Amino acid sequence: MKRLSVIILCFVLATACGRKDKGFKPDRLLTEQEMITIMTDVQVIEADINYQKQQERERDPNDTTPVVPKDYLKMSRFYYDQLFEHYGITDSIFSQNMQYYTERPEVLERIMDSVMQRLLKAANEPRQ
């Protein structure tokens with residue numbers, strides 16, 4: 001969650017300091033519902049990576065089992081490649097849409113609120 005907030009903040013700052021053309025449209029504009037679905041998956045990816053990093057940091061120092069350090073950058077790239085393939089988009093389309101919605105903060109806030117609601121609902125559902 002923290003990492004996504006940083007990513008969104010970077011997009012906001014980049015667009016605030018750069019392009020002033022509010023007429024910018026991505027090559028393929030994703031709907032709000034598509035962005036909600038994709039951003040929900042982005043949150044899950046980021047949570048998984050952060051969880052794995054935390055597990056590595058909290059490893060028992062007395063545990064002598066050899067551990068191969070994970071390449072989190074490579075892992076992240078793999079997850080995102082899978083995500084983009086699943087939704088039939090590219091990283092460029094995703095970035096353009098993030099820029100588009102970042103220039104429309106009221107819409108981005110609505111999207112992120114919906115993402116949080118989906119995540120909270122999923123967290124509260126009983127596991128089978």
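Here the structure is a predicted model, which is why all the values come from computation and not from measurement.
- The structure places CG of Asn97 at 11.0 Å from NZ of Lys25, a figure rounded to the nearest 0.5 Å.
- To the nearest 0.5 angstrom, Gln55 atom CD is 8.5 Å from Lys70 atom NZ.
- We find the CD1-CD distance between Ile111 and Glu106 to be 10.0 Å, quoted to the nearest 0.5 Å.
- For Glu109, the side-chain hydrogen bond (donor to acceptor under 3.5 Å, both in side chains) criterion is met by no residue, not counting sequence neighbours.
- Asp81 is linked by a salt bridge (Lys or Arg N to Asp or Glu O under 4.0 Å) to Arg77, counting only residues two or more places apart in sequence or in another chain.
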List, one per line, each side-chain donor-acceptor pair under 3.5 Å for residues 116-123, sequence neighbours excluded.
from	atom 1	to	atom 2	distance (Å)
Arg118	NH1	Thr37	OG1	3.1

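- The ring pair (Phe, Tyr, Trp, His ring centres under 6.0 Å) test with Phe94 singles out one residue from Tyr80, Phe84, Tyr101, and that residue is Phe84.
- Within the 3.5 Å criterion, the main-chain N or O of Tyr72 finds no donor-acceptor partner in the side chain of Ser76.
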### Task
Any chance you could lay out the side chain to side chain contact (heavy atoms under 4.5 Å, CB included) test for Met98 and Met35, step after step, and finish with the verdict?
CA-CA 9 Å; Met98 282 303 298; Met35 284 298 289; 3.7 Å; yes
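- Every salt bridge (Lys or Arg N to Asp or Glu O under 4.0 Å) that Glu32 has, sequence neighbours left out, goes to Arg110.
- The backbone N or O of Val44 sits nowhere less than 3.5 Å from a side-chain atom of Asp48 that would complete a donor-acceptor pair.
- The distance from atom CG of Asp27 to atom OH of Tyr100, rounded to the nearest 0.5 Å, is 13.5 Å.
- By the side-chain hydrogen bond (donor to acceptor under 3.5 Å, both in side chains) test, Asp71 is found to be paired with no residue, residues two or more places apart in sequence or in another chain being considered.
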### Working for side chain to side chain contact (heavy atoms under 4.5 Å, CB included), residues Ile89 and Ile38
CA-CA 10 Å; Ile89 62 173; Ile38 293 168; 3.9 Å; yes
### Message
side chain to side chain contact (heavy atoms under 4.5 Å, CB included), that's the test. Do Gln96 and Gln99 meet it? Break it down for me.
### Response
CA-CA 5 Å; Gln96 288 173 12; Gln99 178 181 348; 5.5 Å; no
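- Evaluation of the salt bridge (charged side-chain N to carboxylate O under 4.0 Å, His left out) test over residues 35-45, restricted to residues two or more places apart or in two chains, returns none.
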